[in-house]
Amino acid sequence: MLKTERADQSRELDLASMRSTMPAGGPLQAGAELNMNLYATKKTAAEGMLDLALFLANVTHMKTVIEQGAGYRYYAAVLTLISFSLVLQIIAGVLIVIIARRDITEEAEQKRLDSLNNKVTVLIFLIFITNILISVLGMERTGLFARMHF
């Protein structure tokens, strides 16, 4: 009996969550409005997951560069850029968590959230530029490709 009640409550919460994010006239409930706070939280969580994926890719790239050793032509530059990118990603991740925990519907929070969102956007742009530089310096000509260009 208790298990059935929990399942019913869970189903009701799932439907309520879906209804709260549907636009007016959506398929679940006529007249439902978009819950901006839930939408913003989901958007921020997705952004955080992408940041985490890039973080893990950079850690793997750093491991590869370290394994190649100091004989690699751009060893210090690539290692420095990867480290810089990882630090920026950690800062952006912390800011994303802070943003996700706030309520966007409260007017007192909106200016602060807008400012934090702008800072995260700038950080992500810097991460983007840094990773472009990492990619450019991280390519080493080997095998057939190297013979074709020399």
Side-chain angles (χ1 to χ4, degrees), residues 1-140:
M1 175 111 167
L2 186 59
K3 197 172 192 178
T4 307
E5 289 176 9
R6 283 187 188 159
D8 289 342
Q9 288 175 344
S10 176
R11 235 179 274 118
E12 287 174 12
L13 287 174
D14 289 343
L15 288 174
S17 173
M18 290 172 72
R19 284 186 192 113
S20 67
T21 59
M22 294 299 295
L28 290 178
Q29 179 181 357
E33 293 183 21
L34 180 65
N35 182 336
M36 288 304 292
N37 194 54
L38 188 59
Y39 170 78
T41 301
K42 286 181 180 181
K43 181 187 88 51
T44 303
E47 188 177 0
M49 286 183 237
L50 289 172
D51 191 45
L52 180 63
L54 181 60
F55 182 82
L56 294 174
N58 278 344
V59 168
T60 304
H61 195 159
M62 179 181 263
K63 179 184 170 195
T64 303
V65 170
I66 290 171
E67 285 175 353
Q68 285 181 348
Y72 174 58
R73 186 175 181 180
Y74 300 110
Y75 179 78
V78 171
L79 212 52
T80 302
L81 286 170
I82 292 173
S83 299
F84 180 66
S85 179
L86 291 173
V87 168
L88 290 179
Q89 289 171 29
I90 290 169
I91 294 168
V94 168
L95 289 176
I96 287 170
V97 168
I98 290 170
I99 290 170
R101 297 186 57 124
R102 301 282 188 226
D103 185 3
I104 195 170
T105 58
E106 292 182 26
E107 284 192 40
E109 290 283 329
Q110 288 178 357
K111 277 190 176 183
R112 182 166 187 242
L113 286 172
D114 186 48
S115 173
L116 286 175
N117 198 31
N118 290 338
K119 289 175 185 173
V120 169
T121 302
V122 169
L123 281 174
I124 290 173
F125 179 75
L126 289 174
I127 292 166
F128 172 73
I129 297 299
T130 304
N131 280 288
I132 287 174
L133 292 173
I134 290 168
S135 295
V136 168
L137 294 177
M139 289 190 239
E140 190 168 315

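All residue numbers in this chain count up from 1 along the given sequence.
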Checklist entry - Can you find a pair of side-chain heavy atoms, one from Leu79 and one from Tyr74, that are under 4.5 Å apart? => result no
Item to check | Any residue meeting side chain to side chain contact (heavy atoms under 4.5 Å, CB included) with Ile96, in chain and number order, not counting sequence neighbours | outcome: Thr44, Glu47, Val120
Donor-acceptor pairs under 3.5 angstrom involving side-chain atoms of residues 55-65: please list them, not counting sequence neighbours.
residue	atom	partner	partner atom	Å
Asn58	ND2	Ser85	OG	3.0
Asn58	ND2	Asn131	OD1	3.1
Thr60	OG1	Leu56	O	3.0
Thr64	OG1	Thr60	O	3.0

Checklist outcome for this item: Rounded to the nearest 0.5 Å, the CD1 atom of Ile129 sits from the CG atom of Leu88 at a distance of 12.0 Å
Item to check | Sequence neighbours excluded - salt bridge (charged side-chain N to carboxylate O under 4.0 Å, His left out) pairs with any residue from residues 107-117 | outcome: Arg102-Glu109
Checklist outcome for this item: Between the CG atom in Leu81 and the CG atom in Leu86, the distance rounded to the nearest 0.5 Å is 11.0 Å
Item to check | Spacing of Leu116 atom CG and Ile99 atom CD1 [to the nearest 0.5 Å] | outcome: 5.0 Å
Checklist entry - Can you name the residues that form a salt bridge (Lys or Arg N to Asp or Glu O under 4.0 Å) with Glu106, not counting sequence neighbours? => result none
Checklist entry - To the nearest 0.5 Å, how far apart are CD in Gln110 and CG in Leu113? => result 8.0 Å
Item to check | side chain to side chain donor-acceptor pair (under 3.5 Å) partners of residues 116-128, not counting sequence neighbours, each pair once | outcome: none
